[in-house]
K.L.:
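Questions regarding the structure given below will be posed in turn.
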Amino acid sequence: MSLKAPEQKSGHLVMPGERLGVIEEFIPDSGTYVKDGVIYSKIIGRALVDLPSKHVSVYSLINAAKVPKVATTVIGQVGNAQSDNVLVRILQIDSEKLSGVFSGILHISDVAESYVTSMNDVCKTGDILRARVISEKNQIYHLSTTDKNLGVLYGFCSQCGTLLEAKRHEMKCPKCGKVETRKTAPDYGKATI
Ligand SMILES: [Zn+2]
């Protein structure tokens with residue numbers, strides 16, 4: 001994945017009218033305005049840049065921004081899936097809603113203690129999972145599901161979209177009968193989100 005570095009480092013304090021980037025490269029979100037193709041901050045706050053989704057927003061200092069940090073546990077939905085990594089749209093930190101758009105990357109080497117051959121056996125696009133933030137290197141949240149309590153919370157049949165039922169060693173679709181594999185969390189199908 002090639003990602004262009006933003007003009008403002010995520011988390012940096014910005015002033016109203018401060019330049020954040022251009023619309024060819026970033027998507028303006030809350031706390032910003034656009035003039036002549038340039039994205040500026042509307043308020044005094046912290047610039048939040050989500051590189052994978054390209055969203056840039058500014059959050060006020062008065063309402064402390066809820067952003068992912070290393071060692072926090074997050075809930076997210078699997079987006080674009082490759083054979084060795086998946087993009088995760090982060091929805092919550094623990095049980096709290098986020099202050100902006102954040103994405104994380106779950107790489108195959110951070111999925112489980114044991115060897116995993118393909119991300120296809122771990123999670124699929126649309127699944128909801130619980131992961132831990134292990135680094136923010138290059139302003140990208142890197143996720144891990146190696147711990148026992150982490151993994152897929154809700155997995156959906158890749159054929160018909162029905163919620164898969166967790167059997168002893170496999171995941172089965174109650175509607176079409178398709179059998180799939182996931183790295184599930186112990187509270188699969190029961191977690192409140
Ligand atoms: Zn199905």
Side-chain angles (χ1 to χ4, degrees), residues 1-3 27 29-30 48 50-55 57 66-137 140-193:
M1 193 182 300
S2 79
L3 297 164
I27 300 161
D29 211 311
S30 53
L48 299 181
D50 184 53
L51 284 181
S53 76
K54 306 266 182 205
H55 279 254
S57 48
K66 192 78 188 161
V67 301
K69 289 189 179 71
V70 172
T72 54
T73 302
V74 298
I75 307 280
Q77 185 166 35
V78 179
N80 191 17
Q82 312 278 338
S83 61
D84 69 344
N85 75 81
V86 295
L87 199 63
V88 177
R89 162 84 192 269
I90 299 172
L91 307 169
Q92 288 175 209
I93 302 171
D94 299 316
S95 57
E96 292 181 72
K97 300 272 178 251
L98 290 167
S99 303
V101 177
F102 298 97
S103 315
I105 289 170
L106 175 61
H107 188 263
I108 195 158
S109 59
D110 299 316
V111 164
E113 297 290 354
S114 53
Y115 178 73
V116 177
T117 45
S118 168
M119 283 308 276
N120 217 29
D121 295 334
V122 174
C123 57
K124 287 191 168 70
T125 303
D127 287 358
I128 305 290
L129 53 75
R130 183 192 291 126
R132 186 161 354 268
V133 179
I134 52 170
S135 102
E136 292 178 57
K137 205 177 165 200
I140 295 185
Y141 293 107
H142 295 268
L143 307 176
S144 161
T145 58
T146 48
D147 288 7
K148 247 196 173 78
N149 66 323
L150 306 174
V152 175
L153 298 170
Y154 294 94
F156 301 95
C157 174
S158 60
Q159 196 159 270
C160 74
T162 305
L163 181 65
L164 295 166
E165 281 176 3
K167 304 282 182 194
R168 190 173 293 200
H169 291 296
E170 62 187 25
M171 309 292 292
K172 194 171 179 186
C173 175
K175 197 176 172 196
C176 74
K178 193 167 192 295
V179 172
E180 302 196 357
T181 311
R182 295 290 194 280
K183 196 279 183 185
T184 54
D187 52 346
Y188 176 85
K190 300 183 198 86
T192 3
I193 298 169

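Start at 1 and go down the list; that is how both ligands and their atoms are numbered. Counting begins at 1 with the first residue of the sequence. Everything numeric here is computed off the predicted structure, so don't read it as measured data. Excluded from the calculations below are hydrogen atoms, water molecules and symmetry mates; all remaining heavy atoms, backbone and side chain alike, are included.
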K.L.:
How are the rings of Tyr141 and Phe102 set relative to one another: parallel (under 30°), tilted (30 to 60°) or perpendicular (over 60°)?
P.N.:
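Taking Phe102 first and then Tyr141, their aromatic rings stand perpendicular (interplane angle over 60°).
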K.L.:
Going by the side chain to side chain donor-acceptor pair (under 3.5 Å) test, which pairs reach into residues 101-112, not counting sequence neighbours?
P.N.:
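Residue pairs with at least one partner in residues 101-112: Asp50-Ser103, His107-Ser109.
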K.L.:
Report yes if the side chains of Ile134 and Thr146 come closer than 4.5 Å at any heavy-atom pair, otherwise no.
P.N.:
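When only atoms from C-beta onward are counted, Thr146 and Ile134 do not touch, as no gap falls below 4.5 Å.
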K.L.:
Strictly by side chain to side chain donor-acceptor pair (under 3.5 Å), give each pair with a member in residues 71-81 just once, sequence neighbours left out.
P.N.:
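Sorted pair list: Thr73-Arg132.
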K.L.:
Quick one: list whatever passes side chain to side chain contact (heavy atoms under 4.5 Å, CB included) with Ser158, sequence neighbours left out.
P.N.:
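Testing Ser158 for side chain to side chain contact (heavy atoms under 4.5 Å, CB included), a comparison that skips the adjacent residues, returns Lys124, Lys178, Glu180.
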K.L.:
Give the total of protein N/O/S atoms at a distance below 2.8 Å from the Zn ion (ligand 1).
P.N.:
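Atoms of protein N, O or S type lying less than 2.8 Å from the Zn ion (ligand 1) total 4.
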K.L.:
Flag the pair Ile75 / Leu129 as yes when at least one side-chain heavy-atom distance between them is below 4.5 Å, and no otherwise.
P.N.:
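A side-chain contact is absent here, since even the closest heavy-atom pair is not under 4.5 Å.
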